[in-house]
**Student:** 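My questions will all concern the structure given below.
Each ligand, and each atom within it, is numbered from 1 in the order the structure gives.
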Amino acid sequence: MKNNKENILKVNNIHKSYKNGETVIEVLKGVDFSVKRGEVLSIMGPSGAGKSTLLNIIGTLELPDNGEILYNNINPFDLDEKRLAKFRNEKIGFVFQFHHLLPEFTALENVMVPSIIYNDDFEKAREKAHRLLDRVGLGDRINHKPAQLSGGERQRVAVARAMINNPEVILADEPTGNLDIENGENLLKLILDLNTSLGVTFIIATHNLEVSKICARTIYLRDGKIVHDK
Ligand code: ADP
Ligand code: MG
């Protein structure tokens, strides 16, 4: 495959602090790393290390105090609000610890949502969502609402939803954090399978060593910096 080893994301010298009354918490103190297309990378660190903060900045949901992120040399924070929202919708997929599915919508409709925000081709979105739900093993659950699905199934729907716009990268914040061991393992197997078979790039924030072990690459966040990149 052409450009297989291309850097799709560069994270340069990211700093982020939070003010809590009089106290300032320096969460990120200069974080640098790059991600290549097709990687599965985990960001490891204890609770409070700043993993979610970093992922939110990479996901353009939060601004860094300093430093920049570049997607194929585009700094999304240079875009105005409208363009940034479109950029995020097209280039970045999100999977959270709690699935964040819309309760009134079926699995199929939930997966369609990111696709129809900027595109009114419902039929195409429906077909693609159906295909993706088949791909994540939920072809027979497309009309179930989130409450009618198990925790593992809901996370599979969330993964399908994250894929619908063929994003550059999928950001997963403790994706197995709310699942039992077996369902967590199955979700990770699915992620690895999608990575191997379709080349989907994943960045997974986790405090779980078992999760990071299955990732080809792990970076460790400690005291606001990356202390180890294997
Ligand atoms: P992790 O995901 O690794 O558990 P977080 O990124 O959620 O860590 O949080 C890192 C630190 O920043 C924690 O001490 C947390 O309390 C603090 N923090 C996170 N978000 C905010 C916020 N919006 N306001 C103030 N402090 C925050
Ligand atoms: Mg977190």
**Student:** Does Asn56 reach the main-chain N or O of Leu61 with its side chain, forming a donor-acceptor pair under 3.5 Å?
**Tutor:** no
**Student:** Would you mind checking which non-hydrogen protein atom is closest to atom 24 (N) of ligand 1, with the distance to 0.1 Å?
**Tutor:** Tyr18 CD2, 3.5 Å
**Student:** Is the closest N or O pair between Asn20 and ligand 1 shorter than 3.5 Å?
**Tutor:**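 Among all N and O atoms of Asn20, none is under 3.5 Å from an N or O of ligand 1.
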**Student:** Assess whether atom CG of Asp78 is packed by more than 12 heavy atoms of other residues, nucleotides or ligands within 6.0 Å.
**Tutor:**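 Buried by this count: over 12 neighbours within 6.0 Å.
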**Student:** List every atom of ligand 1 that sits less than 4.0 Å from any heavy atom of Val27, numbering the atoms from 1 in the order shown and giving each element.
**Tutor:** 10 (C), 11 (C), 12 (O)
**Student:** Considering only protein heavy atoms, which is closest to atom 16 (O) of ligand 1, and at what distance to one decimal place?
**Tutor:**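 Its nearest protein heavy-atom neighbour is Ile25 CD1, 4.9 Å.
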**Student:** Quick one: nearest non-hydrogen protein atom to atom 7 (O) of ligand 1, plus distance?
**Tutor:**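 Checking every protein heavy atom, the shortest distance to atom 7 (O) of ligand 1 gives Ser52 CB, 3.7 Å.
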**Student:** For ligand 1, which atoms have a heavy atom of Pro46 less than 4.0 angstrom away?
**Tutor:** 3 (O)
**Student:** Of all the non-hydrogen atoms in the protein, which one sits nearest to atom 9 (O) of ligand 1, and at what distance?
**Tutor:**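 Closest protein heavy atom to atom 9 (O) of ligand 1: Thr53 OG1, 3.9 Å.
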**Student:** Using atom types as modelled and distance alone, determine if a side-chain donor or acceptor of Tyr118 lies under 3.5 Å from a backbone N or O of Lys86.
**Tutor:** yes
**Student:** For ligand 1 and Gly48, I'd like to know whether there is a polar contact (N/O to N/O, distance under 3.5 Å).
**Tutor:** yes
**Student:** For the Mg ion (ligand 2), decide whether Ser52 has an N, O or S atom at a distance under 2.8 Å.
**Tutor:** yes
**Student:** Would you mind checking if Asp193 and Arg135 are paired as a salt bridge, meaning a charged N to carboxylate O distance below 4.0 Å?
**Tutor:**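 Result for this pair is yes, salt bridge flagged.
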**Student:** Applying a strict 4.0 Å limit to heavy atoms, is Gly50 in contact with ligand 1?
**Tutor:**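 Contact present.
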**Student:** For atom CG of Asp223, is the number of surrounding heavy atoms from other residues, nucleotides or ligands below 6.0 Å larger than 12?
**Tutor:**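 No.
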**Student:** Give the atom numbers and elements of ligand 1 that come within less than 4.0 Å of a heavy atom of Ser47.
**Tutor:**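 So the atoms of ligand 1 that pass are 4 (O).
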**Student:** May I ask you to decide whether Glu210 forms a salt bridge with Lys213, counting only side-chain N to carboxylate O separations under 4.0 Å?
**Tutor:**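 Yes, charged N to carboxylate O under 4.0 Å.
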**Student:** So among Arg161, Arg156, Gln155, which one has a side chain to side chain contact (heavy atoms under 4.5 Å, CB included) with His99?
**Tutor:** Gln155
**Student:** Salt bridge (Lys or Arg N to Asp or Glu O under 4.0 Å) between Arg83 and Asp80: does it pass, once the steps are laid out?
**Tutor:** CA-CA 5 Å; Arg83 288 201 176 89; Asp80 64 35; 3.0 Å; yes
**Student:** What about Phe94 and Val40, same hydrophobic cluster or not, with Ile/Leu/Val/Met/Phe/Trp/Tyr joined at side-chain heavy-atom distances under 4.5 Å?
**Tutor:**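 They do not share one cluster, since no chain of ILVMFWY contacts under 4.5 Å joins Phe94 to Val40.
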**Student:** Measure from atom 21 (C) of ligand 1 to the protein's non-hydrogen atoms and state whether any distance is below 4.0 Å.
**Tutor:**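 For atom 21 (C) of ligand 1 the answer is yes, since some protein heavy atom falls inside 4.0 Å.
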**Student:** If I apply the N/O under 3.5 Å rule, does Lys19 come out as touching ligand 1?
**Tutor:**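 For ligand 1, there is no N or O atom that lies under 3.5 Å from one belonging to Lys19.
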